[in-house]
*Asks:* 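Here it is: the structure, laid out below.
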Amino acid sequence: MASTNVVNVIDQIASELFEAEKNKTSVNKFVDRFPELNEALAYQVQEKLVELKCEAENTVKIGRKLGLTSKSKQEMMGVHEPSYGVLLESMQLYESEKISTAPFIHAKLEPEIAFVLNKEVKGPHATVADVLAATEYIAPAVEVIDSRFQGFRFTLPDVVADNSSSSKFIIGDRFYSPEKFDLKLMGMVFKKNGEIISTSAGAAVMGHPARAIAWLANKLYKVGQSVQPGEVVLSGSLSGAEKIEPGDHFSASFDGIGTVEAVFSE
Ligand code: OOG
Ligand code: MG
């Protein structure tokens, strides 16, 4: 049983993050104010925050996301370990709609490969092969991340508490069985307003994007959870994230599985 003090810390941080997102204000890192905030406690904060969001937005969990699974993202953020977060139905957007930047604090876009599972993936020894065998399909995706921390500056426990900077995501509307591809070698071209921002390949994500999902299953095992059939999982950005301004048009094209686009307005 958690002590009252720990419960207070969890509730306090979760409610500050919830309010920050709602009011579009950013907060300072919590690790300075709450030295007890370690990774394990941060995942409890994340759970509480997700609960608050589900209630307020009348929505449900539909999957998970991995964060900081590529070297380029880890170096960009100065955090050298992956994290996970929860995806809610209210976070999903569609390619055909213009996305308003009004609700964001300082959003950025990331190119990612999405997995949709039709079997459970359970740790503690989940492998790339287990993930592929449990994958119904893969699809090109982009994630809109938005940190509730000032200047997008955080430590691992901070970003974990903040649901790994989750904000919105778009999944392309064509789906492919993973068997036909070598996901390590799947090339990717990321463009903003017609200009190439970065190029990458699947192996940028932990050597193989399915390894990120195996990592997730093995991590969840420690808290008695697993990756569930039906869940959508974003495996993490293949390159650095790019700042979003009103009027921007992004595309992420993946070898063999097509392109996903995102257009932003005021
Ligand atoms: C943390 C989330 C990173 C990814 O795909 O690497 C992430 C952050 O950089 O704010 O979603
Ligand atoms: Mg991401």
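Read the numbers this way: they start at 1 and go in the same order the structure lists the ligands and their atoms. Every value quoted in this text rests on a predicted model; they were computed, and no experiment measured them. Numbers for residues simply follow the sequence, beginning at 1.
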*Asks:* Determine, step by step, whether Tyr43 and Tyr84 satisfy the ring pair (Phe, Tyr, Trp, His ring centres under 6.0 Å) criterion, reporting the C-alpha distance in whole Å, the side-chain angles of both residues, the deciding distance to 0.1 Å, and the verdict.
*Replies:* CA-CA 9 Å; Tyr43 277 110; Tyr84 64 81; 4.2 Å; yes
*Asks:* Only heavy atoms of Lys73, strictly under 4.0 Å: list the atoms of ligand 1 that pass.
*Replies:* 3 (C), 6 (O), 8 (C), 9 (O)
*Asks:* In the protein, what heavy atom is nearest to atom 1 (C) of ligand 1, and what distance, to one decimal place, separates them?
*Replies:* Ser165 OG, 3.5 Å
*Asks:* Which of the atoms in ligand 1, numbered in the order shown and given with their element, are less than 4.0 Å from a heavy-atom of Phe152?
*Replies:* 10 (O)
*Asks:* Please could you name the atoms of ligand 1 that Val159 approaches to less than 4.0 Å, counting only its heavy atoms?
*Replies:* 1 (C)
*Asks:* Can Arg148 and Phe18 be said to form a side chain to side chain contact (heavy atoms under 4.5 Å, CB included), step by step?
*Replies:* CA-CA 9 Å; Arg148 271 54 69 174; Phe18 178 77; over 6 Å; no
*Asks:* Counting each atom of ligand 1 from 1 as listed, which ones have a heavy atom of Glu112 under 4.0 Å away?
*Replies:* 5 (O)
*Asks:* Could you tell me which N, O or S atom of Glu110 is nearest to the Mg ion (ligand 2)?
*Replies:* OE1
*Asks:* Suppose we measure from atom 11 (O) of ligand 1 to each protein heavy atom; which comes out shortest, and what is that distance?
*Replies:* Lys65 NZ, 2.7 Å
*Asks:* Can you pull out the closest protein heavy atom to atom 2 (C) of ligand 1? Residue, atom name and distance to 0.1 Å, please.
*Replies:* Ser164 O, 3.4 Å
*Asks:* Same cluster or not: Val233 versus Val60, using hydrophobic residues (I, L, V, M, F, W, Y) connected whenever any side-chain heavy atoms lie under 4.5 Å apart?
*Replies:* no
*Asks:* Pull out every atom of ligand 1 sitting under 4.0 Å from any heavy atom of Phe154, numbered as shown with elements.
*Replies:* 8 (C), 9 (O), 10 (O)
*Asks:* Do Phe115 and Leu234 land in one hydrophobic cluster if side-chain heavy atoms of ILVMFWY residues count as linked below 4.5 Å?
*Replies:* no
*Asks:* What part of Met76, side chain, backbone, both or neither, has a heavy atom within less than 4.0 angstrom of ligand 1?
*Replies:* neither
*Asks:* Backbone N or O of Ser72 within a donor-acceptor pair of the Glu75 side chain at under 3.5 Å?
*Replies:* no
*Asks:* How many angstroms lie between NZ in Lys98 and NE2 in His249, if you round to the nearest 0.5 Å?
*Replies:* 10.5 Å
*Asks:* Can you list the atoms of ligand 1 that are under 4.0 Å from a heavy atom of Glu110?
*Replies:* 3 (C), 4 (C), 5 (O), 6 (O), 7 (C), 11 (O)
*Asks:* So is Leu66 close enough to ligand 1, meaning a heavy atom under 4.0 angstrom away?
*Replies:* yes
*Asks:* For the atoms OE2 of Glu112 and OE1 of Glu143, give the angle they form at the Mg ion (ligand 2), rounded to 10 degrees.
*Replies:* 100°
*Asks:* Any side-chain heavy-atom pair from Leu87 and Lys61 closer than 4.5 angstrom?
*Replies:* no
*Asks:* Is there a donor-acceptor pair closer than 3.5 Å between any side-chain N or O of Ser83 and the backbone N or O of Val160?
*Replies:* no
*Asks:* So which of Lys73, Lys65, Lys108 actually passes salt bridge (Lys or Arg N to Asp or Glu O under 4.0 Å) with Glu143?
*Replies:* Lys65
*Asks:* Is the contact between Ser147 and ligand 1 made by the side chain, the backbone, both, or neither, using heavy atoms and a 4.0 Å cut-off?
*Replies:* neither
*Asks:* Should you measure from each heavy atom of Gly236, which atoms of ligand 1 turn up under 4.0 Å away?
*Replies:* 5 (O)
*Asks:* Within the 4.5 Å heavy-atom criterion, are Met77 and Val159 side-chain neighbours or not?
*Replies:* no
*Asks:* Need the ligand 1 atom indices (1-based, order shown) with element for anything under 4.0 Å from a heavy-atom of Ser237.
*Replies:* 4 (C), 5 (O), 6 (O)
*Asks:* For ligand 1, which is the ligand I care about here, please tell me if Leu68 has any N or O atom under 3.5 Å from one of the ligand's N or O atoms.
*Replies:* yes
*Asks:* Could you check whether Phe154 and Phe30 have their ring centres less than 6.0 Å apart?
*Replies:* no
